[in-house]
There are 2 protein chains.
Amino acid sequence: MGTVSKALSLLSFFAPDRTEIGLSDLTRLSGMNKATVYRLMAELQESGFVEQGENDRAYRLGPQVLHLAALREASTPILSVSRRILRELSEETGETTHVSLGHDGWVQTLSHAYSPRHATKVTMEDAQTVTYHATSSGLAILAYSDPEFVDRILSQPMTAHTQLTLTSQDEIRAKLEEIRNQGFSSTEGSFELEVHSHAVPVFGADGNALGALAVAAPSSRMDAPQQAKIREALCRAGADLTHRIGGRPPASYTFYEGH
Amino acid sequence: MGTVSKALSLLSFFAPDRTEIGLSDLTRLSGMNKATVYRLMAELQESGFVEQGENDRAYRLGPQVLHLAALREASTPILSVSRRILRELSEETGETTHVSLGHDGWVQTLSHAYSPRHATKVTMEDAQTVTYHATSSGLAILAYSDPEFVDRILSQPMTAHTQLTLTSQDEIRAKLEEIRNQGFSSTEGSFELEVHSHAVPVFGADGNALGALAVAAPSSRMDAPQQAKIREALCRAGADLTHRIGGRPPASYTFYEGH
DNA sequence: TCGATTGGTTCATTATTCGAACCATTGGTT
DNA sequence: AACCAATGGTTCGAATAATGAACCAATCGA
């Protein structure tokens, strides 16, 4: 494994519930020698990717990650554009809405909005990482990704989050075909029991899905009229989001409305 | 120079007006051998920091930078918290407001808000990089930073952006002392002629300034009552922002109001 | 058709990284 | 107060990874 990859892999140990990590903890988590970890972190620190407190010498993510994120937003402003779209979609449907980003091997919840309409709602946190196969968003992304990428994702072991999670390749591929036919994904109890989610892909400039826009609700509220409403609202919002971040759907995707 | 630092330095060539860079351009910009650039970018790509289009093989920043930024926000939510504070401060003062982040060697405009009150306004873009010595925000950060950090910043060559830019160490150190005495910085025409800016530091958990909150306006509108209003509003907003991102000012900083 | 430029590749040589062993400090326990 | 475990940090001979000159195929403009 290259030196750069080793260094960057150290950054992947940071998590929403682990925003500070000491040298010895990183050594344990990574399995690398402590001197190696120290040197790699020193270079990351010099480059602004991590920083240390003065007294508490634990490592934290540094300002450079915000700078690069802002630069990424300059070209694909998914974070800033999705904020309002999530809020409006949440108000319109009365449910939790969120935008996810596809990574190599996992899906990231990027941003979300809650509706105050119901006290019971699906909650989530940004920067959370979830699997492709078990989530509505992940499946929506896969359905409109490169076949090689899909192969790579589906060749990894697929864990069952609930007893309703699809884990066999055949089942998942059939599900992807269903999504391609109807333009959105719908899962119930796949990632979490009693939660019904719908998602549509969000496309980049190259016509591949780079993320997904989703509505998640307790299954008990999801009657047929409400589902139809969510699907229609999602297709409109997905078109809007893709369009405004400078993306465009592939010719085969004809489900967006209003664009 | 370590291999990790070399790889990460390639990322610093991305800019708001250069969100895509080809292999040969990166080779020219960096001065490294093309094979080296290729391999380093391949590792950055494997780690999700950059990606390439399918047809257009130019490199762009990848999804991992958004993920890390979201993780950084989990511990120091300066981006999300500042959004509303910027908007309210902008409405209250009628001028452009912005939050900046201090990096090693430069200052980044992180987020901004415009007021619709006047047609003539100071404009800016996120992810823009500016200097410490020539900006109100930069000077506000320096005034509340480690002496060693200040020494390092002031030992670099200091360019004059306008004929009003302070460039001598003595002048700048005197300015920093003035800021420490009054709790905010005020510059006129230093970075751009006809622009008057005020800024207060934003502190991290360790009592050092990690950023600044600023109001920028055309000098022609800055009469004494308006300046007093801006200063008072900035101190209040700066206290609010520092407090809500989990920071705390050093004992010597007594200018925040409301906290 | 040709030349310039692009993105990408190879392998002998060179430079960097590695990690076992070590150190100083800190904090908890007895 | 003494001891031990754990922390962050350091060293240098050995091992490994990175380097870059030279090359290739494709593309595009003249």
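First the proteins, then the strands, lettered A, B, ... as listed; each starts at 1. All values reported here derive from a predicted model rather than from experimental measurement.
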Inset, instruction - Using a 4.0 Å heavy-atom cut-off, write out nucleotides 7-25 of chain D from 5' to 3' as B (base contacted by protein), S (sugar-phosphate only) or - (no contact). - result: SBBBB-----SSBBB----

Legend entry - Contact list for residues 243-256 of chain A, test salt bridge (charged side-chain N to carboxylate O under 4.0 Å, His left out), sequence neighbours left out: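 Passing the test, one end in residues 243-256 of chain A: A:D240-A:R244.
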
Inset, instruction - Could you list all the salt bridge (charged side-chain N to carboxylate O under 4.0 Å, His left out) pairs where at least one residue sits in residues 132-146 of chain A, not counting sequence neighbours? - result: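 Those involving residues 132-146 of chain A do not exist here.
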
Inset, instruction - Measure from the ring center of B:Y132 to the ring center of B:F149 and say whether it is less than 6.0 Å. - result: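 B:Y132 vs B:F149: aromatic centres under 6.0 Å.
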
Taking only residues two or more places apart in sequence or in another chain, which ones pass salt bridge (Lys or Arg N to Asp or Glu O under 4.0 Å) with [X]?
| X | result |
| --- | --- |
| A:D25 | A:R28 |
| A:R39 | none |
| B:R18 | none |

Legend entry - Relative orientation of the end axes in the helix from C:dT1-D:dA30 to C:dT30-D:dA1, expressed as an angle to the nearest 10° (five pairs per end):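 Answer rounded to 10°: the end axes differ by 40°.
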
With sequence neighbours excluded, what pairs up with [X] under the ring-ring contact (aromatic ring centres under 6.0 Å, His included) test?
| X | result |
| --- | --- |
| B:H112 | B:Y114 |
| A:Y144 | A:F203, A:Y253 |
| A:Y38 | none |
| B:H98 | none |

Legend entry - Segment of DNA chain C, first to last nucleotide, that comes within the 4.0 Å heavy-atom reach of chain A: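 Range of nucleotides touched by chain A: C:dT17 to C:dA20.
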
